[in-house]
Colleague: 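Below you'll find the structure I mean.
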Amino acid sequence: MAVKKEYFAYDFSNVHWHPIDADGKQEKGSLFGEFSKFEGEATIKTVTRKAEGVPVEEISKPEMLEGTITGHIHLTTARKLYGLTTAGLQSGVWAYGANSKTANFALTAEERDMYGNTRLLGYPNMSVTGGIKWSLENASEEVAEIEIPIKAMRDSNTNLRYEALEEDITEEKVKEKWHTDFSPDMVKKDYVFPS
């Protein structure tokens, strides 16, 4: 495996979401939508050791990632993501309100550099941190995009994010299953894929 000295992230696509139900069971990944922007930042906790009241050593540890995804989302995905319901309503009518609960999910995507190299991204424990937000403009020349505020939290291995340059992955099933069956277990060295 060659060590990469430079990686120039250029774009991303193939964003899949893997809804997680109340019992913790994760569904197969499905396309999330088409996005134009994906940004985030780690929230850091700094632990300081002092000697005679003066800081002499610090360690910073990531606690969570917060960010936004901007673009177009599939309607069925949006309804499930934001917890819309049809309970007690006329056929075809959906409601969003006090009983709506946003979904927990895993998210996978592909990021490419300017030379076409692909890096697989995986966020195993995510949630939406805001409500439905929209902006429509009459006579606009572009279809409106939506912003989804997201948070990535620690998984069962205490990780927030996984990434791999596609060319460095030696187990073909990892590439094959990344967008359908991604999990923190799947990326462990000793994991055996079911036959």
Side-chain angles (χ1 to χ4, degrees), residues 6-22 26-44 62-153 160-163 165-166 175 178-182:
E6 297 174 324
Y7 180 83
F8 305 101
Y10 178 71
D11 70 0
F12 72 103
S13 66
N14 210 6
V15 179
H16 283 69
W17 85 307
H18 312 248
I20 301 170
D21 68 19
Q26 182 173 303
E27 296 177 21
K28 291 259 188 208
S30 59
L31 277 173
F32 198 56
E34 298 170 344
F35 297 96
S36 61
K37 192 173 183 182
F38 187 24
E39 62 184 342
E41 182 177 353
T43 300
I44 301 294
E63 290 197 316
M64 70 181 80
L65 298 170
E66 292 184 283
T68 57
I69 301 176
T70 305
H72 307 286
I73 187 171
H74 295 296
L75 181 60
T76 54
T77 300
R79 287 175 172 163
K80 191 169 189 175
L81 185 69
Y82 285 107
L84 275 73
T85 181
T86 60
L89 301 174
Q90 293 285 340
S91 178
V93 178
W94 291 79
Y96 175 70
N99 293 324
S100 298
K101 293 181 181 128
T102 58
N104 287 341
F105 59 98
L107 186 88
T108 57
E110 293 175 14
E111 177 185 88
R112 280 174 299 285
D113 72 7
M114 56 193 274
Y115 303 111
N117 299 309
T118 299
R119 180 164 61 171
L120 300 174
L121 304 175
Y123 300 86
N125 185 16
M126 297 194 79
S127 68
V128 174
T129 60
I132 294 175
K133 181 179 177 181
W134 68 92
S135 176
L136 298 174
E137 181 181 338
N138 283 337
S140 175
E141 294 181 5
E142 291 186 29
V143 176
E145 293 184 321
I146 63 165
E147 276 188 12
I148 303 169
I150 53 171
K151 180 188 295 185
M153 299 161 289
L160 303 169
R161 166 186 160 138
Y162 296 88
E163 62 178 66
L165 286 171
E166 195 172 55
K175 291 186 225 180
W178 194 269
H179 294 301
T180 57
D181 300 299
F182 180 82

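Since this is a predicted model, take the numbers as computed values, not measurements.
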Colleague: Restricting to non-hydrogen atoms, name the atom on Thr68 and the atom on Pro149 that form the minimum distance, rounded to 0.1 Å.
Modeller: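 Distance-wise, the nearest heavy atoms are CG2-CA, 4.0 Å.
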
Colleague: List for me each residue that meets side-chain contact (heavy atoms from CB on, under 4.5 Å) alongside Asp181, sequence neighbours excluded, and say none if there are none.
Modeller: Lys28, Lys177

Colleague: With sequence neighbours left out, write down each residue that passes salt bridge (Lys or Arg N to Asp or Glu O under 4.0 Å) with Glu39, or none if nothing qualifies.
Modeller: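 Expected list: Lys37.
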
Colleague: Hey, mind stepping through Leu107 and Phe38 against side chain to side chain contact (heavy atoms under 4.5 Å, CB included) and telling me if it holds?
Modeller: CA-CA 12 Å; Leu107 186 88; Phe38 187 24; 3.9 Å; yes

Colleague: With salt bridge (charged side-chain N to carboxylate O under 4.0 Å, His left out) as the rule and sequence neighbours excluded, what pairs involving residues 10-21 come up?
Modeller: Asp11-Arg112

Colleague: Using a 6.0 Å cut-off, check whether atom CD of Glu63 has over 12 heavy atoms from anything other than its own residue.
Modeller: yes

Colleague: Please output the side-chain donor-acceptor pairs of residues 92-105 that fall under 3.5 Å, not counting sequence neighbours, one pair per line with the distance.
Modeller:
residue	atom	partner	partner atom	Å
Tyr96	OH	Ile132	N	3.3
Ser100	OG	Gly83	O	3.1
Ser100	OG	Gly97	N	3.0
Ser100	OG	Gly97	O	3.4

Colleague: Could I get the full list of side-chain hydrogen bond (donor to acceptor under 3.5 Å, both in side chains) partners for Thr129, not counting sequence neighbours?
Modeller: none

Colleague: Which pair of non-hydrogen atoms, one from Ala144 and one from Leu136, has the smallest distance, and what is that distance?
Modeller: CB-CD2, 4.1 Å

Colleague: What pairs meet the side chain to side chain donor-acceptor pair (under 3.5 Å) rule with one or both residues in residues 82-92, with sequence neighbours excluded?
Modeller: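 Found none.
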
Colleague: Once salt bridge (Lys or Arg N to Asp or Glu O under 4.0 Å) is applied, do any residues pair with Lys80, and if so which ones, sequence neighbours excluded?
Modeller: Glu27

Colleague: Take Leu31 and Asn14 through the test side chain to side chain contact (heavy atoms under 4.5 Å, CB included) and record every step on the way to the result.
Modeller: CA-CA 7 Å; Leu31 277 173; Asn14 210 6; 3.8 Å; yes

Colleague: As a quick check of understanding, evaluate side chain to side chain contact (heavy atoms under 4.5 Å, CB included) for Glu166 and Lys175, giving each step before the final call.
Modeller: CA-CA 7 Å; Glu166 195 172 55; Lys175 291 186 225 180; 3.6 Å; yes

Colleague: Quick one: side-chain hydrogen bond (donor to acceptor under 3.5 Å, both in side chains) partners of Glu66, sequence neighbours excluded?
Modeller: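 Partners of Glu66 by the side-chain hydrogen bond (donor to acceptor under 3.5 Å, both in side chains) criterion, ordered by chain and then number, come out as Thr43.
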
Colleague: Going by the rule side-chain contact (heavy atoms from CB on, under 4.5 Å), which residues pair with Thr77 if we only count those two or more places apart in sequence or in a different chain?
Modeller: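 Checked Thr77 against side-chain contact (heavy atoms from CB on, under 4.5 Å); matches are Trp17, Phe32, Ile73, His74.
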
Colleague: For Glu110, which of Leu120, Leu121, Val15 qualifies under side chain to side chain contact (heavy atoms under 4.5 Å, CB included)?
Modeller: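 Single pass found, and it is Leu120.
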
Colleague: Output all residues satisfying side-chain contact (heavy atoms from CB on, under 4.5 Å) with Glu145, sequence neighbours left out; order by chain, then residue number.
Modeller: Ser36, Thr70, His72

Colleague: Got a sec, which residues hit side-chain contact (heavy atoms from CB on, under 4.5 Å) with Gln26, two or more places apart in sequence or on another chain?
Modeller: His18, Ile20, Ala106

Colleague: Who passes ring-ring contact (aromatic ring centres under 6.0 Å, His included) against Phe182, sequence neighbours left out?
Modeller: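 Partners of Phe182 under the ring-ring contact (aromatic ring centres under 6.0 Å, His included) test: Tyr162, Trp178.
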
